[in-house]
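Just so you know, these numbers come straight off a predicted model, no measurement behind them. Chain A is the first sequence line, chain B the second, and so forth, proteins listed ahead of strands; every chain is numbered from 1.
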2 protein chains.
Amino acid sequence: MPETARQIADDLRARISSGEFRPGARLPGEPTLVQQYGVAKMTASNALKLLITEGLAYARPGSGTYVREFQPIHRVGNERLSSARWSSGESVWAAETAGRPVEVRDIEVSESRAPRWVARGLALSSDAPVIVRSRRYFVDGEPVQLATSYFPADLVRETCIAQPDSGPGGAYARLAEAGAAPVDFTEELRARMPSPEEAEQLALPSGTPVIEIYRTALTSDHRPVELNRMLLNAGAYVLRYNFGS
Amino acid sequence: MPETARQIADDLRARISSGEFRPGARLPGEPTLVQQYGVAKMTASNALKLLITEGLAYARPGSGTYVREFQPIHRVGNERLSSARWSSGESVWAAETAGRPVEVRDIEVSESRAPRWVARGLALSSDAPVIVRSRRYFVDGEPVQLATSYFPADLVRETCIAQPDSGPGGAYARLAEAGAAPVDFTEELRARMPSPEEAEQLALPSGTPVIEIYRTALTSDHRPVELNRMLLNAGAYVLRYNFGS
DNA sequence: AAGTGGTCTAGACCACATT
DNA sequence: ATGTGGTCTAGACCACTTT
């Protein structure tokens with residue numbers, strides 16, 4: 001019988017979605033699967049690995065393989081609708097995040113020359129000087145997002161944006177003080193699997209995609225003043241956008 | 001030397017990003033890797049499998065393993081900014097899609113009772129009757145999106161929305177005719193790995209995540225009239241949203 | 001016919017966690 | 001000390017594509 005690993009994975013998957021194995025529960029181990037299905041250890045290992053790369057389970061070496069849990073952070077892209085206005089529709093996913101504080105760490109600031117894609121997004125000439133601010137966001141002590149913002153250096157070099165502590169209200173408040181308040185935003189995003197380096201920085205369990213977001217912030221006279229590249233642990237986020245017709 | 005498969009994958013990955021292997025190019029095959037690295041066939045196979053599950057490569061059995069290409073469709077969630085207004089900022093990703101027609105197939109319409117999550121999204125009581133419209137979208141003959149819309153049955157049962165052909169202008173035009181024009185939209189989305197069933201329906205190469213979107217459409221008096229669940233091949237899409245502060 | 005990826009077996013060693 | 005997942009080898013068979 002070929003296709004054995006798939007079949008074992010199918011079986012376990014069905015038992016997970018039937019509720020036999022709840023989130024956090026321990027799945028049958030490799031030795032158990034070897035016995036019950038009469039297969040080689042490597043086949044059992046591959047069956048579990050299938051569930052892991054699907055994001056359904058994770059392994060704790062030396063302990064066991066467990067069913068994954070999903071408690072997303074709700075990230076609101078914009079909030080044009082008041083909560084009253086939106087009262088009728090409830091989130092499709094269980095709403096959480098309430099009271100889970102977000103920490104910012106590993107802030108690094110530098111000045112460098114804009115790569116092509118940054119120059120394009122900020123409407124600068126290539127190699128123009130830019131201020132680069134990168135940082136990591138943590139929730140419950142776990143890294144959930146990497147972010148790197150690019151600003152035209154001539155605009156912000158003399159402000160706190162060029163310092164690790166950008167001051168009260170953050171970079172947008174400093175931009176406003178400089179007469180370049182951002183008022184229009186565009187976010188472009190896609191999802192993909194992470195590179196090993198990205199997986200390490202976000203401490204991603206395998207089988208977890210990332211969401212890559214590029215946000216461009218424009219002033220009221222349509223001048224781009226920030227390009228922010230974000231990389232999110234997709235397993236940690238639900239994104240919300242709303243807009244009118 | 002353990003960790004061999006990872007190392008081989010790292011090596012190939014570096015050679016891909018260095019440009020030695022361009023998108024669409026054929027990678028060294030299993031027999032070649034066995035020779036060059038002096039490993040067992042299965043180790044070589046696993047090394048290639050790593051690149052595949054990362055979304056960097058895909059296998060054509062009997063032929064070879066190839067570097068993946070990425071030519072995304074740009075899906076615009078909303079278009080509040082005129083093209084003139086947005087002229088300064090260019091898309092971060094190479095803009096394509098120009099002239100790639102979208103086909104709709106496999107339309108199915110039925111009436112059934114709302115599951116809990118649909119009832120919640122549409123602000124209906126559980127088990128309320130709903131009209132369900134599902135379909136698949138194709139670009140270049142490849143399936144790129146599954147979509148299933150739910151409408152309150154009492155509102156649309158007598159309209160073409162309950163027919164496979166919803167008529168000119170689509171379902172939203174019919175809703176408008178029924179005095180329930182949708183004007184406000186909220187999209188909630190997340191990215192994750194597909195189930196095997198979803199992977200089959202979207203003909204997904206392994207290593208490709210999906211983006212799951214729930215869109216709720218509200219009338220001007222804040223009544224939800226449609227809940228649309230979409231499942232996108234993440235490798236085929238870049239999503240764009242824009243909004244003001 | 002030859003070459004390719006896909007999968008399985010049987011046995012081995014390792015690092016780690018739990019008991 | 002035992003059990004767990006992680007990985008590797010060496011050899012085998014299959015289905016498929018390419019020549």
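Pairs passing the side-chain hydrogen bond (donor to acceptor under 3.5 Å, both in side chains) check and including a residue from residues 142-151 of chain A, sequence neighbours excluded, read R135(A)-S149(A), Q145(A)-Y237(A), S149(A)-E226(A), S149(A)-N228(A).
Remark: nothing in residues 192-209 of chain B comes within less than 4.0 Å of DNA chain D through any heavy atom. A heavy atom lying under 4.0 Å from DNA chain C marks none of the residues of residues 22-37 of chain A. Listed by residue number, there are no residues of residues 47-56 of chain B with a heavy-atom contact under 4.0 Å to DNA chain D.
In this view, Y66(A) and Y58(A) satisfy the ring-ring contact (aromatic ring centres under 6.0 Å, His included) rule, not counting sequence neighbours. By the ring-ring contact (aromatic ring centres under 6.0 Å, His included) test, Y172(B) is found to be paired with F185(B), residues two or more places apart in sequence or in another chain being considered. With sequence neighbours left out, the side chain to side chain donor-acceptor pair (under 3.5 Å) criterion links E111(A) to R157(A). The salt bridge (charged side-chain N to carboxylate O under 4.0 Å, His left out) check on R22(B) picks up nothing, with sequence neighbours excluded. For Y241(B), the ring-ring contact (aromatic ring centres under 6.0 Å, His included) partners are Y241(A), not counting sequence neighbours. The salt bridge (charged side-chain N to carboxylate O under 4.0 Å, His left out) test applied to D127(A) returns no partner, not counting sequence neighbours. When the side chain to side chain donor-acceptor pair (under 3.5 Å) test is applied to R192(B), the partners found at least two apart in sequence or on another chain are E198(B), E212(B).
Between the side chain of R133(A) and the backbone N or O of P164(A), at least one donor-acceptor pair lies under 3.5 Å. With hydrogens and angles ignored, the 3.5 Å screen pairs a side-chain donor or acceptor of R136(B) with a backbone N or O of Q201(B).
Considering only the side chain of R6(B), dT7(D) comes nearest among dT9(C), dT9(D), dT7(D).
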Contact state string [nucleotides 12-19 of chain D, B base, S sugar-phosphate only, - no protein heavy atom under 4.0 Å]: B---BBS-

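When each of G64(A) and A40(B) is assigned the nucleotide of DNA chain D bearing its nearest heavy atom, the one mapping closer to the 5' terminus is G64(A).
Atom-to-atom, CE of M42(A) to P of dG6(C) comes out at 14 Å; the value is rounded to the nearest Å.
Between T4(B) and dT7(D), a side-chain N or O to OP1/OP2 separation shorter than 4.0 Å is absent. Taking side-chain N and O atoms only, T43(A) has a distance below 4.0 Å to OP1 or OP2 of dT9(C). Residue T65(B) places at least one side-chain N or O closer than 4.0 Å to OP1 or OP2 of dG5(C).
Under a cut-off of 6.0 angstrom, the local environment of CD in Q35(A) is sparse, with at most 12 non-hydrogen atoms contributed by other residues, nucleotides or ligands.
Looking at E197(A) and R13(B), no side-chain N of the basic residue comes within less than 4.0 Å of a carboxylate O on the acidic one, giving no salt bridge.
V210(A) and L231(A) make their closest contact through CG2-CD1, 3.9 Å (heavy atoms, listed as atom of the first residue, atom of the second, distance).
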